[in-house]
Undergrad: 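Questions regarding the structure given below will be posed in turn.
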Protein chains: 2
Amino acid sequence: MMKYKEIGFKLTPQRLAILDYLEGNTAHPSAEEIDRALSEKFPTMSLATVYNTLETLRQKGLVQELSIDPDKKRFDPNIRPHNHLMCIDCRRIIDVHTNFDLSLNDRDKANFIVLGHHVEFYGRCPECRKAAEGRA
Amino acid sequence: MMKYKEIGFKLTPQRLAILDYLEGNTAHPSAEEIDRALSEKFPTMSLATVYNTLETLRQKGLVQELSIDPDKKRFDPNIRPHNHLMCIDCRRIIDVHTNFDLSLNDRDKANFIVLGHHVEFYGRCPECRKAAEGRA
DNA sequence: ATTAATGCAAACACTTTGCAATGGA
DNA sequence: TCCATTGCAAAGTGTTTGCATTAAT
């Protein structure tokens with residue numbers, strides 16, 4: 001994911017653990033999930049540290065903050081532009097690898113400078129689909 | 001936006017005011033903005049009522065809840081599928097009228113049932129652009 | 001030695017909920 | 001009249017911040 005040396009911030013064990021946890025992680029975890037996962041090895045680590053580290057990483061462009069989940073921020077170590085598909089039942093988010101080259105016409109642009117875009121697909125994952133069928 | 005009669009829920013003055021405020025509104029207001037806007041005419045109206053009404057309307061499919069703003073839910077009376085462009089500085093959200101017909105290949109679908117999608121463009125609005133230039 | 005990061009707790013922002021009182025149907 | 005809705009307050013989440021202590025550089 002990144003060369004730790006070049007990051008330019010203090011490499012604490014906590015940060016290292018967060019970076020390691022995030023490396024290659026495609027689960028789009030929330031801050032609390034990261035905290036929970038690491039609390040076994042770092043029982044004293046504070047959730048505030050997780051938030052602070054994530055914010056620092058975001059500022060340095062090393063993680064992406066996703067707003068696809070209306071209830072909490074989700075974090076993605078994959079900073080390349082890509083899209084997501086979320087299950088509306090269990091809120092699982094998976095990556096969409098297809099690239100969509102979308103651009104706005106002048107009317108839609110409304111004199112904004114357009115910096116990027118993100119496509120959010122939503123649907124129902126196989127597990128939740130089965131569960132829904134069971135209920136029906 | 002809707003025929004009040006057919007809604008099938010009690011038409012209180014508060015709900016009527018919220019419906020009126022939302023009708024044709026393209027500002028994508030948050031619950032608090034709606035509350036603030038209506039508090040002049042309904043000084044006693046509770047923010048909880050706004051939230052409750054919005055949730056009821058959402059369940060009935062009369063408003064859309066947007067998650068594009070990571071800090072708060074934004075509401076859109078336009079329930080037709082459409083896309084949005086948000087200013088990353090002032091969080092203004094405007095509608096994008098262009099339709100993008102996007103579909104996922106089987107690999108990306110990962111056995112999900114895909115129900116829809118939403119494209120979020122982000123950029124800088126003319127006002128914030130000027131402000132940013134002033135600072136530079 | 002310096003200075004930034006940590007952990008804790010408190011504060012904050014947004015949203016939901018319990019409940020008695022109210023008022024549409 | 002009846003039952004859903006209101007207003008208020010309290011509680012519930014998710015997130016940020018102040019500050020003394022700790023530890024990376």
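Values below: all heavy atoms of this structure, side chains included; hydrogens, waters and symmetry mates excluded. Residue numbers start from 1 in every chain, and the chains themselves are labelled A, B, ... in the order their sequence lines are given, proteins ahead of strands.
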Undergrad: Taking all non-hydrogen atoms of both residues into account, name the closest pair between Ile68(A) and Pro70(A) and its distance.
TA: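 In this case the closest contact between Ile68(A) and Pro70(A) is O-CD, 3.4 Å.
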Undergrad: Taking atom P of dA4(D) as reference, at what distance in whole Å does atom CD of Gln59(B) sit?
TA: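 Taking CD of Gln59(B) and P of dA4(D), I get 14 Å after rounding.
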Undergrad: Quick check: are there more than 12 heavy atoms from other residues, nucleotides or ligands sitting under 6.0 Å from CZ of Arg129(B)?
TA: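 No - once you tally the heavy atoms of other residues, nucleotides and ligands closer than 6.0 Å, there are 12 at most.
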Undergrad: Taking atom C1' of dT5(D) as reference, at what distance in whole Å does atom CG of Leu16(B) sit?
TA: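 For the pair Leu16(B) CG and dT5(D) C1', the rounded distance is 14 Å.
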Undergrad: Does any N or O in the side chain of Ser67(A) come within less than 3.5 Å of the main-chain N or O of Asp69(B), such that one atom is a donor and the other an acceptor?
TA: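 Not confirmed, Ser67(A) side chain does not pair with Asp69(B) backbone.
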Undergrad: Whole Å only: how far is the CG atom of Leu54(B) from the C1' atom of dT6(D)?
TA: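 These atoms are roughly 15 Å apart.
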Undergrad: Less than 4.0 Å between a side-chain N and a carboxylate O, is that true for Lys130(B) and Glu133(B)?
TA: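 Judged by the 4.0 Å cut-off on N to carboxylate O distance, Glu133(B) and Lys130(B) do not form a salt bridge.
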Undergrad: Pick out the pairs of N or O atoms, protein on one side and nucleotides 22-25 of chain D on the other, that lie under 3.5 Å.
TA:
from: dA24(D); atom 1: N3; to: Lys10(A); atom 2: NZ; distance (Å): 3.4
from: dT25(D); atom 1: OP1; to: Leu11(A); atom 2: N; distance (Å): 3.0

Undergrad: To the nearest angstrom, how far is Leu19(A) atom CG from dA5(C) atom P?
TA: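 Taking CG of Leu19(A) and P of dA5(C), I get 13 Å after rounding.
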Undergrad: In whole angstrom, what separates Arg91(B)'s CZ from dA13(C)'s C1'?
TA: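 After rounding, the gap between these two atoms is 13 Å.
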Undergrad: What are the two closest non-hydrogen atoms of Ile94(A) and Asp108(B), and how far apart are they?
TA: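 Here Ile94(A) and Asp108(B) meet closest at CD1-O, 3.9 Å.
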Undergrad: List in chain and number order the residues that pass side chain to side chain donor-acceptor pair (under 3.5 Å) with Arg15(A), two or more places apart in sequence or in another chain; answer none if no residue qualifies.
TA: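 Per chain and number, Arg15(A) pairs via side chain to side chain donor-acceptor pair (under 3.5 Å) with no residue.
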Undergrad: What is the distance, to the nearest angstrom, from the CG atom on Leu47(A) to the C1' atom on dA11(C)?
TA: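 Value for this atom pair: 15 Å.
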Undergrad: Residues in side chain to side chain donor-acceptor pair (under 3.5 Å) with Asn78(A), at least two apart?
TA: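 Asn78(A): no side chain to side chain donor-acceptor pair (under 3.5 Å) contacts found.
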Undergrad: Atom CD of Glu55(A) to atom C1' of dA5(C): distance rounded to whole Å?
TA: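 That distance rounds to 15 Å.
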Undergrad: Which heavy atom of Phe121(A) sits nearest to which heavy atom of His117(B), and what is that distance?
TA: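 In this case the closest contact between Phe121(A) and His117(B) is CD2-CB, 3.5 Å.
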Undergrad: Under 3.5 Å, which protein N or O atoms sit close to an N or O of nucleotides 7-14 of chain D? Give each pair with its distance.
TA:
from: dG7(D); atom 1: OP1; to: Gln14(B); atom 2: NE2; distance (Å): 3.1
from: dG7(D); atom 1: OP1; to: Thr44(B); atom 2: OG1; distance (Å): 3.3
from: dG7(D); atom 1: OP2; to: Ser46(B); atom 2: N; distance (Å): 3.2
from: dG7(D); atom 1: OP2; to: Thr49(B); atom 2: OG1; distance (Å): 3.0
from: dC8(D); atom 1: OP2; to: Thr44(B); atom 2: O; distance (Å): 3.2
from: dG14(D); atom 1: OP1; to: Lys72(A); atom 2: NZ; distance (Å): 3.3

Undergrad: Scan residues 34-93 of chain B for pairs that pass ring pair (Phe, Tyr, Trp, His ring centres under 6.0 Å), counting only residues two or more places apart or in two chains.
TA: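 Applying ring pair (Phe, Tyr, Trp, His ring centres under 6.0 Å) to every pair that reaches into residues 34-93 of chain B, excluding sequence neighbours, yields His28(B)-His84(B), His82(B)-His84(B), His84(B)-His118(B).
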Undergrad: Nearest whole angstrom, please: distance from the P of dA13(C) to the CD of Glu33(B).
TA: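 The answer, rounded to whole Å, is 15 Å.
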Undergrad: So how far off straight is the helix from dA1(C)-dT25(D) to dA25(C)-dT1(D), going by the axes through five pairs at either end, to 10°?
TA: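 The angle separating the two end axes equals 40°.
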Undergrad: Looking at Arg15(B), does any N or O in its side chain come under 4.0 Å of the phosphate oxygens OP1/OP2 on dT6(D)?
TA: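 Affirmative; the distance criterion is met.
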Undergrad: Of the non-hydrogen atoms in Cys87(B) and Arg124(B), which two are nearest, and what is the gap between them?
TA: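 Closest heavy-atom pair between Cys87(B) and Arg124(B): SG-CA, 4.0 Å.
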Undergrad: Nearest heavy-atom pair of Phe112(B) and Pro126(A): which atoms, and what distance?
TA: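 Distance-wise, the nearest heavy atoms are CD1-CD, 3.8 Å.
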